[in-house]
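FYI, side chains are in, hydrogens and waters are out, and symmetry mates aren't considered; it's all heavy atoms of this structure.
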Amino acid sequence: MLDARQLDALVAVVEHGGFGPAAKSLSLTLSAVSLRIKSLEEQLGQRLLVRGKRVRATAAGQALMAHAKQVRLMEADLLEGLMAGGARAGAGWQSLSVAINADSVAGWFLPGVVDLLKTQRLLLEILIDDQDHTHDALRSGEVVGCVTTLAEPMRGCVAEPLGVMRYRCVAAPAVVMRCTTASGQISVHRLLAQPAIIFNRKDALQDAFLLQHFGLQQPHYPRHYAPAVDAFEKAIELGLGWGMVPEQHLSTARSALQEVLPGAAVDVTLYWQHWAKEAPSAQRLTAAVKAAAHRWLVGTRPVVS
């Protein structure tokens with residue numbers, strides 16, 4: 001049998017990135033936390049942590065992290081059901097961690113789960129990452145679910161298709177004009193002379209656009225990086241360059257922006273990956289995420305440009 005106190009120590013060390021902060025969070029001495037981890041590793045016969053400047057979990061440690069968090073959720077749901085017939089009014093707040101790409105959080109995810117969070121007294125810890133990398137947090141046991149482009153279910157997980165997030169290449173009118181020839185056609189050479197506005201160094205949407213619509217592989221062009229949705233879109237509005245913006249973000253408030261190549265788009269198919277064995281609270285979150293995606297995302301049909 002696994003010792004719950006040892007699992008709590010493991011989770012605390014990984015979440016806080018070190019033994020000292022973990023000991024403080026658990027109100028234990030540093031030696032007590034170290035002893036619990038050592039005993040757990042000896043019991044299982046393998047290393048669970050990689051010691052370094054910031055401690056991280058091994059593959060075995062990640063599996064235990066996921067198990068420990070599942071047990072916590074199961075216990076919380078069990079206690080809820082035992083309290084006055086399961087009435088949420090007297091129940092405490094319950095925490096769930098998820099990994100989501102920034103565009104989804106700002107566009108459809110939060111509006112889709114807000115009612116659930118309020119009525120079920122759920123607290124979200126949202127880890128922001130590129131949609132091509134959010135599954136790393138699920139694999140490590142940090143989160144109960146993630147919005148990802150990974151279609152293949154990871155071990156112990158389920159991958160459910162959500163739909164397509166469609167991106168348009170846009171810029172301020174002055175930038176579009178600088179990229180347009182006298183005949184009114186967009187010149188890719190002129191476009192590449194203008195800076196691109198990129199969310200962060202993991203963002204590859206611009207390269208996908210240039211490959212899909214101009215056949216360019218690994219093109220070189222100047223780049224601004226703005227890793228915040230508001231700052232990213234504001235930089236485009238201010239004429240600092242061109243960028244890929246979700247179609248649903250192109251509201252009337254940003255009607256001054258123009259498509260660089262009208263009708264062209266990049267479709268990103270998203271999936272909700274989550275543990276196959278979910279606690280009831282996580283199941284309710286999964287249902288809300290799928291309903292929100294069905295409402296706000298487009299289907300998986302190909303784009304006709």
Side-chain angles (χ1 to χ4, degrees), residues 1-76 95-102 105 123-159 199-204 225 227 271-279 282:
M1 293 289 292
L2 295 171
D3 188 303
R5 295 175 303 173
Q6 294 174 351
L7 290 177
D8 287 343
L10 176 68
V11 172
V13 170
V14 175
E15 288 185 339
H16 292 279
F19 285 81
K24 185 177 181 180
S25 71
L26 295 172
S27 299
L28 295 172
T29 63
L30 182 61
S31 60
V33 173
S34 297
L35 182 59
R36 290 182 183 184
I37 298 297
K38 181 181 179 181
S39 298
L40 186 57
E41 289 181 326
E42 289 178 348
Q43 176 188 348
L44 297 174
Q46 56 187 308
R47 289 283 185 181
L48 301 175
L49 297 173
V50 178
R51 277 75 167 172
K53 187 175 181 180
R54 181 175 178 84
V55 180
R56 58 185 177 84
T58 63
Q62 291 172 1
L64 280 178
M65 283 274 294
H67 168 76
K69 291 196 171 185
Q70 284 179 305
V71 169
R72 285 180 177 180
L73 288 176
M74 293 290 187
E75 288 179 347
S95 296
L96 295 172
S97 298
V98 294
I100 316 288
N101 60 307
V105 171
L123 300 174
L124 275 188
E125 179 182 2
I126 301 175
L127 305 183
I128 299 293
D129 205 345
D130 185 87
Q131 59 267 10
D132 293 334
H133 299 272
T134 49
H135 63 273
D136 291 334
L138 182 60
R139 179 183 289 115
S140 69
E142 292 180 79
V143 301
V144 300
C146 66
V147 173
T148 177
T149 55
L150 184 65
E152 183 69 22
M154 295 187 296
R155 183 178 180 182
C157 295
V158 176
F199 189 78
N200 61 28
R201 293 185 181 275
K202 295 180 180 179
D203 185 0
Y225 293 97
Y271 299 83
W272 175 246
Q273 287 232 22
H274 59 89
W275 295 333
K277 296 180 180 179
E278 288 189 301

Exercise for the section: Please confirm whether the backbone N or O of Arg36 pairs with a side-chain atom of Ser39, one donor and one acceptor, at under 3.5 Å? Expected result: no
Exercise for the section: Can you measure from CG (Leu10) to CD1 (Ile37) and round to the nearest 0.5 angstrom? Expected result: 5.0 Å
Exercise for the section: Quick one: closest heavy-atom pair of Cys146 and Trp272, and the distance? Expected result: O-CE3, 3.3 Å
Fill in the blank from the handout: From the list Val105, Ile100, Val98, side-chain contact (heavy atoms from CB on, under 4.5 Å) partner of Val147 resolves to Ile100
Fill in the blank from the handout: Smallest heavy-atom separation, Ala60 atom then Arg47 atom, equals CB-O, 4.2 Å
Fill in the blank from the handout: For residues 142-153, the side chain to side chain donor-acceptor pair (under 3.5 Å) pairs (sequence neighbours left out) are Asp132-Thr149, Ser140-Glu142
Problem - Interatomic distance, Gln46 atom CD to Leu64 atom CG [nearest 0.5 angstrom] - result: 8.0 Å
Problem - Nearest heavy atoms of Val33 and Ala9, plus distance in Å - result: CG1-CB, 4.4 Å
Problem - Rounded distance [0.5 Å steps], CG in Leu7 versus CG in Leu40 - result: 6.0 Å
Handout entry: Rounded distance (nearest 0.5 Å) linking atom NE2 of His133 with atom CG of Asn101
Key = 11.5 Å
Exercise for the section: For atom CZ of Arg56, decide whether the heavy atoms of other residues, nucleotides or ligands shown that lie under 6.0 angstrom number more than 12. Expected result: no
Practice task
Search all heavy atoms of Leu127 against all heavy atoms of Ala137 and return the closest pair with its distance.
Solution key: CD1-CB, 4.2 Å
Practice task
Determine whether His135 and Tyr271 make a side-chain contact, defined as any pair of heavy atoms from C-beta on separated by less than 4.5 Å.
Solution key: no
Practice task
For Arg139 and Asp136, run salt bridge (Lys or Arg N to Asp or Glu O under 4.0 Å): C-alpha distance rounded to whole Å, both residues' side-chain angles, the deciding distance at 0.1 Å, then the answer.
Solution key: CA-CA 5 Å; Arg139 179 183 289 115; Asp136 291 334; 3.2 Å; yes
Problem - Gln273 side chain to Met154 backbone, donor-acceptor under 3.5 Å - result: yes
Handout entry: Test item: Glu125 side-chain N/O and Val143 main-chain N/O as donor-acceptor pair under 3.5 Å
Key = no
Handout entry: Gap between atom CD of Gln6 and atom CD of Gln43 - 0.5 Å precision
Key = 6.0 Å
Problem - Closest non-hydrogen atom pair, Pro21 against His16 - result: CB-CB, 3.7 Å
Exercise for the section: Measure the shortest side-chain to side-chain distance between Glu278 and Val144 over non-hydrogen atoms and say whether it is less than 4.5 angstrom. Expected result: no
Completion exercise
Correct closest heavy-atom pair for Leu150 and Ala159 would be O-CB, 4.4 Å
Handout entry: Between NZ on residue Lys38 and CG on residue Leu48, distance to nearest 0.5 Å
Key = 14.0 Å
